[in-house]
Amino acid sequence: MDYSKHGTQKKEKHIRSDIPKAKHKVSFNIFRIFIFLLITIGVMGIAAGVGGMKGVLDSAPEISVEDVMPQGYKSFIYDRDGNLLTQLYQPETNRIQKDIGEIPKVLQNAFIALEDERFWEHNGIDPKGIVRAFFVGITSGDFSEGASTLTQQLLKLNVFGGGAESSMLLKFKRKFQEQYLALELEKNMSKEEILEAYLNTINLGSNTLGVKVAARRYFNKEVSDLTLAECTVLASITSNPSRYNPITNPENNNTRRQIVLQNMVDQNYISK
């Protein structure tokens, strides 16, 4: 052992140089443990998310084409000579079936232009619409903008009871199931069949279900005789039948109708 002054200073210098190394080693080990825990938590979170999503999809109702068709129609009573005596219906059955071939294209296009511009292209869900709605929600804080396709809306109305959930969690659950079922439904129904079911299902205000009854209610016409202006009035009602009712809230309906017309121009359904 060197107990000389020079030897002692050398030993102290060596000890002092080892202290930062030891601290660095401890810090590095703590950092490695932190990263390991972070990765572990991330993997567990992803696994939990995947498991939760699988559980949500597994609990989705099993449906057939019949399940998404509108339920409940008016009944007509005739005498033996074929004269109409009376009509029978309850609030939820004020509906008359109309085949898609008898519904004017301009009316079909008005609904599509407002509610689902990529209806003829998507396979049940609209990724572009979902991304748009997400960014609008992030930037504005308002997540009320919808991205539901007509297929999803049909499911919401006829399978999920209109979607009146009591919490945001239940709403998200229904949305995920809706998207999953929309993809499945479009494998078994044509676009025309989905559109026909939708146009015969929708609530158009004033206890009016479907476009045929609405045409008679608001214009005293057959749906096949509606003008462009009248078609846009009906399309404007859908998102909020009370607020956009053309009889009780004509100004609101007209404001919405201008949006429908502009959308139809932008999507090349009509000219300026």
Legend entry - Residues Asn83 and Asp79: side-chain donor-acceptor under 3.5 angstrom: yes
Inset, instruction - Establish whether Leu185 and Leu183 are linked, either directly or via other cluster members, by ILVMFWY side-chain heavy-atom contacts under 4.5 Å. - result: no
Inset, instruction - For Glu115 and Thr238, test the side chains for any donor-to-acceptor distance below 3.5 angstrom and give the result as yes or no. - result: no
Inset, instruction - Indicate the atoms forming the closest heavy-atom contact of Asn245 with Tyr218, along with that distance. - result: ND2-OH, 3.6 Å
Inset, instruction - Taking all non-hydrogen atoms of both residues into account, name the closest pair between Ser236 and Val260 and its distance. - result: OG-CG2, 3.5 Å
Legend entry - Donor-acceptor contact present, side-chain Gln267 to main-chain Met264, <3.5 Å: no
Inset, instruction - Please confirm whether the backbone N or O of Thr149 pairs with a side-chain atom of Asp116, one donor and one acceptor, at under 3.5 Å? - result: no
Legend entry - Path from Ile96 to Tyr198 over hydrophobic side-chain contacts below 4.5 Å: no
Legend entry - Sidechain N-carboxylate O distance under 4.0 Å for Glu184, Lys187: yes
Inset, instruction - Indicate whether the side chain of Thr208 and that of Asn203 have a donor and an acceptor atom separated by less than 3.5 Å. - result: no
Legend entry - Asn253 side chain to Tyr244 backbone, donor-acceptor under 3.5 Å: yes
Legend entry - Check: Asn200 main-chain N/O paired with Arg95 side-chain donor or acceptor under 3.5 Å: yes
Legend entry - Gln97 and its side chain to side chain donor-acceptor pair (under 3.5 Å) partner, picked from Glu102, Glu196, Lys212: Glu196
Legend entry - Nearest non-hydrogen partners of Phe111 and Leu199, listed with the distance: CD1-CD2, 3.6 Å
Inset, instruction - Kindly indicate whether the side chain of Asn94, heavy atoms from C-beta on, has any atom under 4.5 Å from the side chain of Lys74. - result: yes
Legend entry - Joint cluster assignment, Ile247 & Leu234, ILVMFWY side-chain distance < 4.5 Å: yes
Legend entry - Asn158 to Val68 - nearest heavy-atom pair and separation: ND2-O, 2.7 Å
Inset, instruction - State the CE-CD1 distance between Met189 and Ile194, to the nearest 0.5 angstrom. - result: 5.5 Å
Inset, instruction - Can you measure from CZ (Phe160) to CZ (Arg174) and round to the nearest 0.5 angstrom? - result: 7.5 Å
Inset, instruction - Could you grab the distance from atom CG of Leu114 to atom CD1 of Ile237, nearest 0.5 Å is fine? - result: 11.5 Å
Legend entry - Nearest heavy-atom neighbours spanning Leu226 and Cys231: CB-SG, 3.8 Å
Inset, instruction - Establish, from distance only, whether the side-chain atoms of Asn252 and Thr255 form a donor-acceptor pair under 3.5 Å. - result: no
Inset, instruction - Check the surroundings of atom NZ in Lys221: do more than 12 heavy atoms from other residues, nucleotides or ligands lie under 6.0 Å from it? - result: yes
Legend entry - Heavy-atom pair with the smallest gap, counting every atom of Gly124 and Thr151: O-CB, 4.1 Å
Inset, instruction - Determine whether more than 12 heavy atoms belonging to other residues, nucleotides or ligands lie under 6.0 Å from atom CD of Glu121. - result: yes
Legend entry - Side-chain donor-acceptor pair present, Ser148, Lys175, cut-off under 3.5 Å: yes
Legend entry - Main-chain N/O of Val265 paired with Lys272 side-chain donor or acceptor, under 3.5 Å: no
Inset, instruction - Mind checking the CD-CD spacing from Glu192 to Gln108? Nearest 0.5 Å is all I need. - result: 8.5 Å
Inset, instruction - Treat each ILVMFWY residue as a node, draw an edge where side-chain heavy atoms are under 4.5 Å apart, and state whether Leu195 and Val65 are in one component. - result: yes
Legend entry - Cluster check Ile100, Leu204: I/L/V/M/F/W/Y, side chain < 4.5 angstrom: yes
Legend entry - From Thr93 atom OG1 to Leu209 atom CG, the distance as rounded to the nearest 0.5 Å: 8.0 Å
Legend entry - Main-chain N/O of Lys105 paired to Asn109 side chain as donor or acceptor, under 3.5 Å: yes
Legend entry - Distance-only side-chain donor-acceptor flag, Arg257 / Asn254, under 3.5 Å: yes
Legend entry - Nearest-0.5 Å distance that lies between atom CD1 in Ile103 and atom OG in Ser224: 10.0 Å
